[in-house]
Amino acid sequence: MIIIALVGFEKAIISVPKEGGVGVDQLVIDKTGGGTIEASISGISPDQTTVYASNVPIWVSAKGVGELTASLNVFDLYKNNVYERIMGITRDADGVAMVGQDTEAPYVSVVFVSSTADGKKMFLGLTKGRFSHPELALNTTESGGTEPNTETIEGSFVTDSRGIAYMSGVEDGTTLTLEKFINKVNNVSEG
């Protein structure tokens with residue numbers, strides 16, 4: 001895994017299965033739709049297991065991935081129906097959103113776009129996971145205006161059919177582009 005200093009957080013692209021089950025819809029959260037504030041990824045590495053022999057540590061096991069989680073804080077998760085699509089929420093004929101015993105969030109992939117210190121785009125991708133509902137909070141308006149609540153969603157991610165859970169790359173303008181990276185995360189061959 002490459003460790004690079006990241007500068008800013010431009011956008012998140014969440015790929016959700018299309019309703020027919022063939023292909024994905026890309027839900028973009030950026031300055032034009034929802035606004036990304038903060039994201040974090042943890043658990044990429046597994047818990048290490050140390051084996052002792054002859055009174056000293058002799059071997060460390062650290063293969064695979066750990067309990068991979070992602071947290072995403074956005075200004076408006078409801079813009080462009082992102083919330084409904086990633087949570088599996090349905091609406092009735094009157095437009096009421098409903099969550100119940102049969103509500104199931106779909107498996108999605110997510111790509112976060114940041115920049116490196118030298119201005120190149122940095123991509124971080126998680127291949128397969130589900131987000132859970134955010135905490136809902138209501139606050140009174142105080143004098144001097146109000147600051148809107150932002151939403152934070154958290155997800156648990158696993159390996160996909162290839163055995164891959166996490167990817168990262170730096171855009172170089174020719175070989176690796178955002179579109180190519182998203183296709184790799186979603187295991188879509190370029191044609």
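Both backbone and side-chain heavy atoms feed into the values below; hydrogens, waters and symmetry mates do not.
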Please step through side-chain hydrogen bond (donor to acceptor under 3.5 Å, both in side chains) for the pair S156 and T69, ending with a clear verdict. CA-CA 5 Å; S156 295; T69 61; over 6 Å; no

Scanning both residues in full, the closest heavy-atom pair of V185 with G125 reads CG2-CA, 4.1 Å

Check ion pair E104-R130 (N to O, under 4.0 angstrom): yes

Looking at side-chain heavy atoms only, is the closest gap between V111 and I14 below 4.5 Å? no

Hydrophobic clustering (ILVMFWY, side-chain heavy atoms < 4.5 Å, transitive) - are V99 and I86 grouped together? yes

Check: So, the side chain of D160 versus the backbone of R162: is there a donor-acceptor pair under 3.5 Å, distance only?
Finding: yes

Heavy atoms of V7 and A117 approach each other most closely as CG2-CA, 3.9 Å

**Prompt:** So if you build clusters from Ile, Leu, Val, Met, Phe, Trp, Tyr with side-chain heavy-atom gaps below 4.5 Å, do I164 and V24 land together?
**Reply:** no

With the 4.5 Å side-chain cut-off for hydrophobic clustering, are V28 and V113 part of the same group?
-> yes

Residues 86-100 vs salt bridge (Lys or Arg N to Asp or Glu O under 4.0 Å), sequence neighbours excluded, gives E84-R91

Closest non-hydrogen atoms of Y52 and P57, given as atom of the first, atom of the second and distance, are CD2-N, 3.4 Å

Verify side-chain contact (heavy atoms from CB on, under 4.5 Å) between T116 and V170, making sure each step is shown before the conclusion. CA-CA 8 Å; T116 63; V170 177; 4.2 Å; yes

Here the gap from T177 atom OG1 to E179 atom CD, rounded to the nearest 0.5 Å, amounts to 5.5 Å

Taking every heavy atom of P106 against every heavy atom of V16, the minimum-distance pair comes out as CG-CG1, 4.1 Å

- Heavy-atom distance under 4.5 Å between the side chains of I182 and I13, does that happen here? yes

Between the CG atom in D76 and the OG1 atom in T150, the distance rounded to the nearest 0.5 Å is 10.5 Å

*Any V65 side-chain heavy atom under 4.5 Å of T159 side chain*: yes

Output for pair (K11 NZ, T32 OG1), nearest 0.5 Å, gives 8.0 Å

Would you mind reporting whether S61 and V51 have side-chain heavy atoms less than 4.5 Å apart? no

One thing to verify: whether R85 and D25 come together as a salt bridge, which I'm taking to mean a side-chain N less than 4.0 angstrom from a carboxylate O.
yes

Worksheet item: So do the side chains of I37 and F9 get within less than 4.5 Å of each other, counting heavy atoms only?
Response: no

If you apply the rule side-chain contact (heavy atoms from CB on, under 4.5 Å), what do you find for S115 with K120, and how did you get there? CA-CA 5 Å; S115 294; K120 294 181 181 177; over 6 Å; no

Is there side-chain contact between D30 and T36, with heavy atoms separated by less than 4.5 Å? no

Exercise. In terms of hydrophobic clusters joined by side-chain contacts under 4.5 Å, are Y78 and L72 together?
Worked result: yes

- Task: Determine whether more than 12 heavy atoms belonging to other residues, nucleotides or ligands lie under 6.0 Å from atom CZ of F75.
- Result: no

Separation between NE2 (H133) and CD (E154), nearest 0.5 Å, reads 13.5 Å

F123 meets the ring pair (Phe, Tyr, Trp, His ring centres under 6.0 Å) criterion, sequence neighbours left out, with F181

Value for CG (L126) from NZ (K128), rounded to nearest 0.5 Å, stands at 13.5 Å

Closest heavy-atom pair, S114 versus G8, reported as atoms and distance to 0.1 Å, is OG-O, 2.6 Å

Query raised in the report: Mind checking whether F131 and M87 have side chains closer than 4.5 Å, heavy atoms only?
Result: yes

(request) Ignoring hydrogens and angles, tell me if any N or O in the side chain of N73 forms a donor-acceptor pair with the backbone of E151 under 3.5 Å. (result) yes

Donor-acceptor pair between S109 and T127 side chains, under 3.5 angstrom: no

Note to self: Determine whether K121 and L178 satisfy the following criterion, side-chain contact (heavy atoms from CB on, under 4.5 Å), listing intermediate values before the conclusion.
What the structure shows: CA-CA 8 Å; K121 299 289 183 206; L178 177 57; over 6 Å; no

OH of Y166 to CD1 of I41, rounded to nearest 0.5 Å, is 5.5 Å

According to a 4.5 Å side-chain heavy-atom criterion applied to Ile, Leu, Val, Met, Phe, Trp and Tyr, with indirect links allowed, do I29 and L6 form part of one hydrophobic cluster?
yes

Stepwise side-chain contact (heavy atoms from CB on, under 4.5 Å) check, T90 with T103: CA-CA 8 Å; T90 57; T103 303; 5.7 Å; no

### Message
When you compare the side chain of E171 with that of L176, does any pair of heavy atoms fall below 4.5 Å?
### Response
no

(message) Could you go through K31 and E10, starting from their C-alpha distance and side-chain angles, then the distance that decides it, and tell me whether this counts as salt bridge (Lys or Arg N to Asp or Glu O under 4.0 Å)?
(response) CA-CA 8 Å; K31 63 185 175 188; E10 183 179 326; over 6 Å; no

